[in-house]
Q: 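Let me begin by handing over the structure; questions about it come next.
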Amino acid sequence: MKAVGQPFARPDGRIKVTGAARYAADFDRPDKLHAVFVTAATAGRLISLDTEEATRSAGVVHILTQADLPQFATVPVPLMFSLLPMQDDTIRFEGQPMAIVLAETLEQAEEAARRVHMMIAPSEVKAPGQSNPRPPAPDSAYVLAHVDLASGDIAAGLSEATHRISAEYVQPSRHHNAMEPHATLAWWEDEALVVHDATQWTTGTQQMLAVALGLTPDQVRVICPHTGGGFGSKAFPKWHTLFAAAAARVADRPVKLVLSRAQMYTMTGYQPLIHHRIELGATPDGRLTALCHDVVNVTSSTEDFVEFATEAARAMYAVPALETHQRVEEITAGTPTPLRGPGGGAPGMWALESAMDELAHALGMDPLEFRVRNHADSDPVSGKPWSSKKLLEAYALGAEHFGWHRRPARAERDGDWMIGWGMASAIMGPFRFPATVRVTLRADGTVLLESSFSDIGTGVFAVFSQLVGDALGLPPDRVEIRNGDTMLPEASGTFGSSSTICVGAASLDACRQIRASLGEGDPLTMLRRTGRPSEASIGRFSLGEGVPMDTDGRTSPTAMRVWGAVFVEVGVDRALGLLRLRRMLGSYSVGRILNPRTAKSQLIGGLIWGWGSAAMEASTFEPRLGRFLSKDLTGVPLPVNADIPAVDAVWVDEVDEVASAVGGKGIGEIGVVGVAPAVANAVFHATGLRIRELPILPQRLLA
């Protein structure tokens with residue numbers, strides 16, 4: 001029996017639950033120094049930095065300031081945030097590193113860091129809403145799609161509409177809060193640098209360090225077999241990794257640097273605060289005539305991060321007239337970065353699916369029927385056919401499992417609780433990147449798969465074992481995987497829901513070459529007949545010469561997306577301002593499901609994440625001091641077991657070999673998409689109260 005498609009257990013499960021899996025901060029060197037950042041309390045200009053008292057502290061070996069560090073070479077964004085700190089006296093945001101304490105123990109380094117004194121001339125704080133939105137710089141590395149797009153006659157589409165909705169929606173900044181902190185252990189071996197780093201992209205970190213330090217990539221080795229969560233915050237390399245490497249060179253000893261939770265709120269990025277304005281028009285029979293979507297997201301003063309939330313509007317529905325605009329607004333904070341389900345995923349669909357529900361209500365139509373009526377049979381902008389799309393089937397499957405046809409016309413009560421049902425569509429682009437692997441078939445009946453990808457807990461060890469085992473006629477438990485090391489063949493970063501489809505396709509390519517080399521028949525039998533101990537091959541997944549990425553099929557003749565729908569039932573107590581989840585179901589069209597066990601785990605995890613963003617999570621910016629108000633988890637509630645009752649995920653049978661040879665399209669992020677609007681729409685059904693700003697806190701619900 002083929003292993004692909006079976007609920008194969010994770011081979012890495014035991015080491016994860018027993019603590020045997022080693023993460024960046026778990027690695028050690030006997031002669032290491034502990035590094036702790038000294039950070040600025042406000043943005044402004046550094047007047048003086050007094051390290052005398054700290055230098056006398058027990059165990060302190062060095063206190064590094066700007067004078068002790070080299071002028072690093074310019075690293076292009078997004079390999080690292082631009083304008084490195086500790087290179088001049090400008091402090092661009094609260095929490096910026098200004099010195100590095102190196103001491104024999106972590107406790108000694110932390111104590112000495114508290115004894116470093118700074119004098120700062122504060123600068124004026126730019127808080128959200130205080131700067132005029134503007135187009136992003138054309139040369140911004142974060143401009144990955146059309147900043148402005150117009151298709152069809154918007155004026156005619158709006159005038160044709162008998163029903164129109166114009167509304168504004170807001171979602172707050174949020175931080176990633178991965179369980180594993182950002183951490184680096186770095187040391188030098190002559191002119192070669194070795195780094196254990198908590199990263200989602202080993203080769204990206206290698207490239208960053210090589211450029212910044214004037215090395216060749218083969219002089220830098222980055223190791224990260226397991227990443228303890230990242231959700232985008234560890235996707236692009238960060239300053240602390242470079243500073244740990246530089247500090248190790250200055251001290252001539254290994255250096256370990258682990259960021260605190262508070263420092264992860266200032267140095268490693270966040271999802272930006274986003275304002276949406278949406279205008280929709282439709283005819284009495286529920287056909288969309290026009291869609292306008294304007295988005296403004298906050299960014300830093302140093303670079304224009306663009307959260308392309310308009311991407312959903314450009315792909316979700318068949319609409320003859322479409323107009324979108326992306327703008328940015330500078331604030332006194334660090335640079336944002338992608339967060340799980342970015343751009344036209346969770347952010348874009350929060351606004352679009354809320355507006356679609358409002359318009360369905362104005363039309364007197366069932367919200368699901370309204371979406372079905374405006375299904376896009378081809379890409380609305382390019383006109384290209386979809387590589388695959390079974391969204392209509394996913395709608396029907398989800399509605400059947402949830403019992404959507406039983407949705408009452410008016411809210412019902414359960415004691416003090418008003419009960420509401422809501423739904424929303426989901427969409428994400430299948431991010432694809434080049435990948436390379438080496439597969440070695442051994443005469444002892446085992447297979448070795450080697451590639452530089454980092455494991456971030458999504459179950460790729462299971463899936464790759466299934467793919468390679470099936471391709472070479474061996475059980476999955478005969479497949480060994482070595483990963484997370486830049487000395488191995490280069491894979492894409494572990495982000496964008498891309499690992500399975502990209503590294504998996506490269507693995508199949510290597511297996512195909514092995515079979516071709518050995519001739520017809522069982523590969524292991526044919527290998528043993530040759531008398532050789534092994535047969536190896538390099539497999540590749542490529543998007544074409546010089547193409548580094550593809551987010552939606554734009555480099556291919558077909559458009560590509562993953563699809564879904566979220567159905568939610570909530571209870572609302574208006575007297576106490578309480579919102580409770582009663583049940584939730586996601587239904588998906590995401591290509592081939594290689595392992596239903598790991599797939600369901602990912603999708604349910606995304607749905608729960610979505611509930612947190614809908615009902616609880618926000619990173620509030622304090623406008624006077626220019627800082628995030630709660631830089632830890634005491635001020636940011638997160639869902640716990642008691643918050644999450646029945647949650648389930650289902651999917652339709654689908655294979656998309658255009659997107660990838662494995663037939664899948666990526667599921668790591670689609671689960672979070674659509675949850676927030678489905679919840680808000682359910683609140684409206686329960687109470688008649690239309691929520692347009694997240695999260696849905698008690699003060700928004702109180703009668």
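All figures in this text were calculated on a predicted structure; none of them were measured in a lab.
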Q: Less than 4.5 Å apart, any side-chain heavy atom of L585 and any of V566?
A: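 The answer is no; the side chains never approach within 4.5 Å.
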Q: Just do the side chain to side chain contact (heavy atoms under 4.5 Å, CB included) check on L185 and R29 with the steps written out, would you?
A: CA-CA 8 Å; L185 172 66; R29 299 282 290 183; 3.9 Å; yes
Q: Does R340 make a cation-pi contact with W609, if we ask for NZ or CZ under 6.0 Å from the ring centre and within 45° of the axis?
A: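 Cation-pi check for R340 and W609: passes.
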Q: Start with the C-alpha gap between V194 and I223, add the side-chain angles, then the distance that decides, and say whether side chain to side chain contact (heavy atoms under 4.5 Å, CB included) holds.
A: CA-CA 8 Å; V194 182; I223 305 167; 4.2 Å; yes
Q: For a 4.5 angstrom cut-off between non-hydrogen side-chain atoms, does T203 reach Q207?
A: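 In contact.
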Q: Answer yes when E189 and R221 have at least one side-chain N-carboxylate O distance shorter than 4.0 Å, and no when they do not.
A: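 No salt bridge links E189 with R221.
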Q: Any salt bridge (charged side-chain N to carboxylate O under 4.0 Å, His left out) pairs touching residues 173-187, not counting sequence neighbours?
A: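 Qualifying pairs, neighbours excluded: R174-E617, E180-K234.
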Q: Is there a side-chain contact between D455 and I481 (heavy atoms, below 4.5 Å)?
A: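 No, their side chains stay 4.5 Å or more apart.
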Q: So, the side chain of R627 versus the backbone of L629: is there a donor-acceptor pair under 3.5 Å, distance only?
A: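 Confirmed, R627 side chain pairs with L629 backbone.
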Q: Tell me whether E104 is salt-bridged to K32, with the criterion being a basic N under 4.0 Å from an acidic carboxylate O.
A: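 No, E104 and K32 are not salt-bridged.
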Q: Would you please indicate if the ring centroids of F495 and F453 are separated by under 6.0 Å?
A: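 Ring centroids of F495 and F453 are no less than 6.0 Å from each other.
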Q: Between R22 and F27, is NZ or CZ placed under 6.0 angstrom from the six-membered ring centre and within 45° of the ring axis?
A: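 Here R22 passes the 6.0 Å and 45° test against F27.
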Q: Side chains of Q6 and N595: is there a donor and an acceptor less than 3.5 Å apart?
A: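 Judged by distance alone, the side chains do not pair up.
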Q: Under 4.5 Å between any side-chain heavy atoms of I670 and Y588, yes or no?
A: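 The answer is yes; the side chains approach within 4.5 Å.
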Q: Is it true that the side chains of T105 and Q108 contain a donor and an acceptor less than 3.5 Å apart?
A: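 Looking only at side-chain atoms, Q108 and T105 do form a donor-acceptor pair, the distance falling under 3.5 Å.
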Q: Looking only at heavy atoms, what is the nearest atom pair of V675 and G610, with distance?
A: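 Shortest heavy-atom separation between V675 and G610 comes out as CG1-C, 3.4 Å.
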Q: Passes side-chain hydrogen bond (donor to acceptor under 3.5 Å, both in side chains), Q263 versus T266? Steps please.
A: CA-CA 5 Å; Q263 289 169 344; T266 58; over 6 Å; no
Q: State the CZ-CD1 distance between F431 and I501, to the nearest 0.5 angstrom.
A: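 With rounding to 0.5 Å, CZ (F431) is 10.5 Å from CD1 (I501).
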Q: Could you measure the distance from the CE atom of M80 to the OG1 atom of T335? Nearest 0.5 Å is fine.
A: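 Going from CE on M80 over to OG1 on T335, the span is 11.5 Å.
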Q: Do S451 and N483 have side-chain N/O donor and acceptor atoms under 3.5 Å apart?
A: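 The criterion, which ignores hydrogens and geometry beyond distance, is not satisfied for N483 and S451.
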Q: With a 4.5 Å limit on heavy-atom distance, are the side chains of T440 and V447 in contact?
A: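 They are not in side-chain contact.
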Q: Scan the side chains in residues 640-650 for donor-acceptor partners under 3.5 Å anywhere in the protein, sequence neighbours excluded, and list what turns up.
A:
unit_1: D643; atom_1: OD2; unit_2: V640; atom_2: N; d: 2.9
unit_1: D648; atom_1: OD1; unit_2: K600; atom_2: NZ; d: 3.1

Q: Could you tell me whether E111 and R115 have a side-chain N and a carboxylate O separated by less than 4.0 Å?
A: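 Yes.
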Q: Donor-acceptor pair, distance only, cut-off 3.5 Å: does the side chain of S660 make one with the backbone of V662?
A: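 Yes; judged by distance alone, with no hydrogens or angles, the pair exists.
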Q: Check whether any side-chain N or O of R253 sits under 3.5 Å from a backbone N or O of A248 as a donor-acceptor pair, and report yes or no.
A: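 No; zero donor-acceptor contacts below 3.5 Å.
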Q: Ignoring hydrogens, what is the shortest heavy-atom contact between T268 and M264? Give both atom names and the distance.
A: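 The pair with the smallest heavy-atom distance is OG1-O, 2.9 Å.
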Q: If only atom types and distance count, is the side chain of H176 paired as donor or acceptor with the main-chain N or O of P338 below 3.5 Å?
A: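 Yes, because the side chain of H176 sits within donor-acceptor range (under 3.5 Å) of the backbone of P338.
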Q: How about S465 and D477: do any of their side-chain heavy atoms sit closer than 4.5 Å?
A: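 Answer no - side chains too far apart.
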Q: Considering only heavy atoms from C-beta outward, does the side chain of M616 approach that of I696 to under 4.5 Å?
A: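 Counting from C-beta outward, M616 and I696 never come under 4.5 Å.
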Q: Do the side-chain N and O atoms of T216 and Q219 include a donor-acceptor pair separated by under 3.5 angstrom?
A: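 Their side chains do contain a donor-acceptor pair, which is all the 3.5 Å distance test asks for.
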Q: For a quick test of reading the model, state the closest non-hydrogen atom pair linking V479 to G469 and the distance between them.
A: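 Answer, listing the atom of V479 first, then G469: CG2-N, 3.9 Å.
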Q: Suppose we call two aromatic rings close when their centres sit under 6.0 Å apart. Are Y270 and F628 close by that rule?
A: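 Yes, close enough.
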Q: Between atom CD1 of I63 and atom OG of S57, what is the distance when rounded to the nearest 0.5 Å?
A: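 Here the rounded value is 7.0 Å.
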Q: Are more than 12 heavy atoms from other residues, nucleotides or ligands located less than 6.0 Å from atom CG of D252?
A: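 Count not over threshold, so no.
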Q: Does any N or O in the side chain of T205 come within less than 3.5 Å of the main-chain N or O of W201, such that one atom is a donor and the other an acceptor?
A: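 Yes; at least one donor-acceptor contact below 3.5 Å.
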Q: Measure from the side-chain N and O atoms of Q602 to the backbone N and O of I667, and report whether any donor-acceptor pair falls under 3.5 Å.
A: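 Here the side-chain-to-backbone pair does not exist.
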Q: Run the numbers on D68 and R249 for salt bridge (Lys or Arg N to Asp or Glu O under 4.0 Å), then give the verdict.
A: CA-CA 11 Å; D68 302 295; R249 171 167 269 181; over 6 Å; no
Q: For the atom pair CG (L441) and OG (S534), what is the distance rounded to the nearest 0.5 Å?
A: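 OG of S534 is found 8.0 Å from CG of L441.
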Q: Could you label the plane-to-plane angle of the H182 and H240 rings as parallel, tilted or perpendicular, counting under 30° as parallel and over 60° as perpendicular?
A: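 H182 and H240: perpendicular rings.
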Q: Can you list the steps and then say if S454 with T202 is a side-chain hydrogen bond (donor to acceptor under 3.5 Å, both in side chains)?
A: CA-CA 7 Å; S454 295; T202 55; 5.0 Å; no
Q: G539 and D509: which non-hydrogen atoms are nearest, and at how many Å?
A: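 Closest pair (atom of G539, atom of D509, distance): CA-OD2, 3.3 Å.
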Q: Work out which heavy atom in V672 is nearest to a heavy atom in G341; give both atom names and the distance.
A: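 What the structure gives for the nearest pair is CG1-CA, 4.1 Å.
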Q: For the OH atom of Y23 and the CE atom of M179, what is their distance to the nearest 0.5 Å?
A: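 One gets 9.0 Å once the value is rounded to the nearest 0.5 Å.
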Q: Without swapping roles, check the side chain of K238 against the backbone of S233 for a donor-acceptor pair under 3.5 Å.
A: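 Looks like yes, one N/O pair under 3.5 Å.
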Q: How about R14 and T18: does a side-chain donor come under 3.5 Å of a side-chain acceptor?
A: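 No donor-acceptor contact under 3.5 Å links the two side chains.
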Q: Are a donor atom and an acceptor atom from the side chains of E669 and S497 found within less than 3.5 Å of each other?
A: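 There is such a pair (donor and acceptor under 3.5 Å, judged by atom type) between the side chains of E669 and S497.
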Q: Can you list the steps and then say if E490 with R540 is a salt bridge (Lys or Arg N to Asp or Glu O under 4.0 Å)?
A: CA-CA 10 Å; E490 180 178 349; R540 292 179 173 83; over 6 Å; no
Q: With no hydrogens and no angle check, is any side-chain donor or acceptor of W188 less than 3.5 Å from a backbone partner on P254?
A: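 Not a single qualifying donor-acceptor pair exists.
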Q: Tell me whether T486 contacts the main-chain N or O of V222 through its side chain, where contact means a donor paired with an acceptor under 3.5 Å.
A: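 Confirmed, T486 side chain pairs with V222 backbone.
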Q: What pair of heavy atoms forms the shortest contact from L69 to F243, and how long is it?
A: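 Smallest interatomic distance, heavy atoms only, reads CD1-CE2, 3.7 Å.
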Q: Parallel, tilted or perpendicular for W239 and F93, by the 30°/60° rule?
A: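 Judged by the thresholds at 30° and 60°, the geometry between W239 and F93 is parallel.
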Q: Can you pull out every ring-ring contact (aromatic ring centres under 6.0 Å, His included) where at least one residue sits in residues 244-268? Sequence neighbours excluded, please.
A: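 Sorted result for residues 244-268: H175-Y265.
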Q: Do L581 and R583 have side chains that approach each other closer than 4.5 Å (heavy atoms only, starting at C-beta)?
A: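 They are not in contact (no side-chain heavy atoms under 4.5 Å apart), so the answer is no.
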Q: Taking D485 for its side chain and M487 for its backbone only, find out whether a donor-acceptor pair lies under 3.5 Å.
A: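 Yes, because the side chain of D485 sits within donor-acceptor range (under 3.5 Å) of the backbone of M487.
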Q: Under 3.5 Å, is there a donor-acceptor pair between the W611 and S613 side chains?
A: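 W611 vs S613: no donor-acceptor pair found between side chains.
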Q: At what distance, to the nearest 0.5 angstrom, does CG of D197 lie from OG1 of T241?
A: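 Those atoms lie 3.5 Å apart.
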